[in-house]
Amino acid sequence: MLSSRYSILFVLLLALLFFSCSGKKPNQQNDSTVDYENPQLVLQKAKEVLGSNVSFAYKGRFDMDTVVEIAAGIEIQMPKQWGIKFVLLKLVGDQLKEVYETPLLNGSFKQCLVQKIKFPYFDHELIYYNSQDYFIGSGGGEVYSYLVNFNKKETYYAHLVTQPDKPISLFISSNIDIPQIKGFFISNFKRDYPSLKIISKDVVLKY
């Protein structure tokens, strides 16, 4: 009788072990073991959290935390809503989670320049975006540029506009209180548009 009870207990333990192992998906991976130095895996993990419309994903140090952090970009294209968002993901425990996203911003990730950038003024990295000539045509157009400071949850904005028979103008957002940031935007645009004029009110082009 005693050996029979031990046999039943052994079978129950085996069954419990089987069901606990089979309940885990074959492709499920603990995020704490992922090689985040691999750019392809970083993009893959960002898409698993945010969806397939992720255009880029970079591992970096974007605030004062020391955990794994990923900055990602999402492009939204709907009939009544279009633009881009920048998102910060962090490894919380053993899972990658979204902790912050910018409002929807003008721009597109097509033919753009986007990269991590480090200023001596900051102890962390920022994300730099420039739409380049994607919104520029033969009759003029515009260039959107952003510096995303996830640590302060701020987006610094510069907007260059070209119109026929008008001076090339550059608007810089009022939340830029750091001279190095303002100088960065101006010097970048002046390389391509040396005669640009700084304006105090943004211009909205009608297409």
Side-chain angles (χ1 to χ4, degrees), residues 19-119 122-136 142-159 173 175 181 184-185 188:
F19 284 115
S20 63
C21 292
S22 61
K24 192 172 184 177
K25 295 178 182 179
N27 61 349
Q28 193 173 21
Q29 187 176 14
N30 189 325
D31 283 349
S32 62
T33 64
V34 175
D35 178 14
Y36 285 103
E37 301 306 320
N38 184 324
Q40 287 76 26
L41 279 177
V42 168
L43 181 61
Q44 175 189 323
K45 298 305 291 185
K47 286 184 175 182
E48 288 177 8
V49 178
L50 301 172
S52 59
N53 57 342
V54 173
S55 298
F56 77 89
Y58 298 143
K59 175 183 178 290
R61 187 180 181 217
F62 300 106
D63 61 17
M64 304 312 293
D65 277 353
T66 57
V67 300
V68 171
E69 298 180 334
I70 294 174
I74 300 172
E75 182 155 359
I76 297 171
Q77 293 180 317
M78 298 187 203
K80 294 185 178 180
Q81 188 182 43
W82 70 272
I84 57 176
K85 287 186 178 184
F86 298 89
V87 183
L88 181 63
L89 304 172
K90 288 188 182 184
L91 195 62
V92 180
D94 62 355
Q95 293 296 317
L96 199 63
K97 297 185 181 297
E98 177 184 335
V99 296
Y100 174 74
E101 71 176 27
T102 66
L104 187 65
L105 305 169
N106 291 325
S108 172
F109 287 121
K110 298 179 179 67
Q111 303 175 25
C112 76
L113 171 66
V114 59
Q115 61 188 32
K116 296 186 296 183
I117 188 168
K118 178 72 171 63
F119 288 90
F122 298 109
D123 293 327
H124 55 279
E125 295 170 296
L126 282 70
I127 290 293
Y128 171 61
Y129 166 87
N130 187 300
S131 64
Q132 302 196 105
D133 59 356
Y134 185 72
F135 297 100
I136 299 284
E142 55 197 329
V143 179
Y144 299 105
S145 188
Y146 304 104
L147 279 169
V148 183
N149 185 349
F150 288 111
N151 187 55
K152 287 192 172 183
K153 297 181 178 179
E154 280 199 291
T155 301
Y156 310 122
Y157 165 60
H159 183 208
S173 61
N175 67 330
I181 298 296
F184 172 81
F185 279 126
N188 271 357

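The structure presented is a predicted model; accordingly, all values stated were derived computationally and were not measured.
For residues 50-60, the set of pairs meeting the side-chain hydrogen bond (donor to acceptor under 3.5 Å, both in side chains) definition, not counting sequence neighbours, comprises Glu37-Lys59.
Taking the six-membered ring for Trp, Phe109 and Tyr129 have ring centres closer than 6.0 Å. The six-membered or imidazole ring of Phe184 lies near that of Tyr128, with a centre-to-centre distance under 6.0 Å.
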**Message:** What verdict does the side chain to side chain contact (heavy atoms under 4.5 Å, CB included) test give for Leu89 and Leu50, after you've listed the backbone C-alpha separation in whole Å, the side-chain angles of each residue and the deciding distance to 0.1 Å?
**Reply:** CA-CA 9 Å; Leu89 304 172; Leu50 301 172; 4.1 Å; yes

**Request:** Evaluate side chain to side chain contact (heavy atoms under 4.5 Å, CB included) for Asp63 paired with Leu88, printing each intermediate quantity in order.
**Result:** CA-CA 10 Å; Asp63 61 17; Leu88 181 63; 4.1 Å; yes

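Applying the 6.0 Å contact sphere to NZ of Lys153 captures no more than 12 heavy atoms from other residues, nucleotides or ligands.
Atoms SG and OH, on Cys112 and Tyr144 in that order, are 14.0 Å from each other to the nearest 0.5 Å. A distance of 4.0 Å separates CZ of Phe119 from CD1 of Ile181, quoted to the nearest 0.5 Å. Distance CH2/Trp82 to CD1/Ile84: 8.5 Å, rounded to 0.5 Å. Between Lys116 atom NZ and His124 atom NE2 the span is 13.5 Å, to the nearest 0.5 Å. To the nearest 0.5 Å, atom CZ of residue Phe122 and atom NZ of residue Lys152 are 6.0 Å apart. To the nearest 0.5 angstrom, Leu147 atom CG is 13.5 Å from Tyr157 atom OH.
At a cut-off of 3.5 Å, with distance as the only test, a side-chain donor of Glu48 or Gln44 sits close to an acceptor on the other residue.
Residues passing the salt bridge (Lys or Arg N to Asp or Glu O under 4.0 Å) test with Glu98, sequence neighbours excluded: none. A search for salt bridge (Lys or Arg N to Asp or Glu O under 4.0 Å) contacts involving Lys85 returns Glu101, not counting sequence neighbours.
For the pair Tyr146 and Asn106, the minimum side-chain heavy-atom distance is below 4.5 Å.
Nearest heavy-atom pair, Asn175 versus Thr155, reported as atom, atom and distance to 0.1 Å: ND2-O, 3.1 Å. Nearest heavy atoms, Ala57 versus Ile70: CB-CG2, 3.9 Å. Closest of all the heavy-atom pairs between Gln81 and Leu104 is CG-CD2, 3.4 Å. Shortest non-hydrogen contact noted between Phe56 and Ala71 is CE1-O, 3.6 Å.
In this structure, Glu69 pairs ionically with Lys90, as a charged nitrogen and a carboxylate oxygen lie closer than 4.0 Å.
Put simply, the side chain of Glu125 never gets that close to the backbone of Phe62: no donor and acceptor are under 3.5 Å apart. Not a single donor-acceptor pair under 3.5 Å links the side chain of Asp65 to the backbone N or O of Val67. In this structure, Thr102 contributes its side chain and Phe86 its backbone to a donor-acceptor pair below 3.5 Å.
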